[in-house]
Amino acid sequence: RRHRRSPALATLCPRSLGEERFRFEIDERLQWIDENCISSFSFDTLRDETKVYLFADADESFHFKLRFGSRVFPRTEDH
């Protein structure tokens, strides 16, 4: 029987965020997962450098998306 996983997409690209912000965003998510998830998870990097987080538990996936949203864009001077 295959283990179902719930995806949580987050666009985290070092080219658009810069290496320091990119690393901060990744570390923040991994810390949240470590503190809040008991089920298994994994993440993958797609060709366009989109990070895809996969959670075994749909509720954990939901709370991850609620906490981090689905996309991260670089801050501009306007925001």
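Residue indices begin at 1 and follow the sequence shown.
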[atom1] of [X] to [atom2] of [Y]: how many Å apart, nearest 0.5 Å?
{"X": "Gln31", "Y": "Asn36", "atom1": "CD", "atom2": "CG", "value": "9.5 Å"}
{"X": "Ile33", "Y": "Ser39", "atom1": "CD1", "atom2": "OG", "value": "12.0 Å"}
{"X": "Leu30", "Y": "Cys37", "atom1": "CG", "atom2": "SG", "value": "10.5 Å"}
{"X": "Glu60", "Y": "Ile38", "atom1": "CD", "atom2": "CD1", "value": "6.0 Å"}
{"X": "Phe55", "Y": "Lys65", "atom1": "CZ", "atom2": "NZ", "value": "9.0 Å"}

Is there a side-chain contact between Glu20 and Glu25 (heavy atoms, below 4.5 Å)?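 Counting from C-beta outward, Glu20 and Glu25 never come under 4.5 Å.
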Taking side chain as C-beta onward, heavy atoms only, is Asp57 less than 4.5 Å from Phe41?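 Answer no - side chains too far apart.
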Walk me through whether Arg67 and Glu28 qualify under side chain to side chain contact (heavy atoms under 4.5 Å, CB included). CA-CA 11 Å; Arg67 167 67 177 86; Glu28 182 179 31; 3.0 Å; yes
Check against side chain to side chain contact (heavy atoms under 4.5 Å, CB included), Trp32 and His63: CA-CA 10 Å; Trp32 185 92; His63 288 287; 4.0 Å; yes
Should the pair Phe68 and Phe64 be assigned to parallel (<30°), tilted (30 to 60°) or perpendicular (>60°) ring geometry?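 Geometry flag for Phe64 against Phe68: tilted rings.
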Is the count of non-hydrogen atoms from other residues, nucleotides or ligands lying under 6.0 Å from Leu66 atom CG greater than 12?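 Enclosed.
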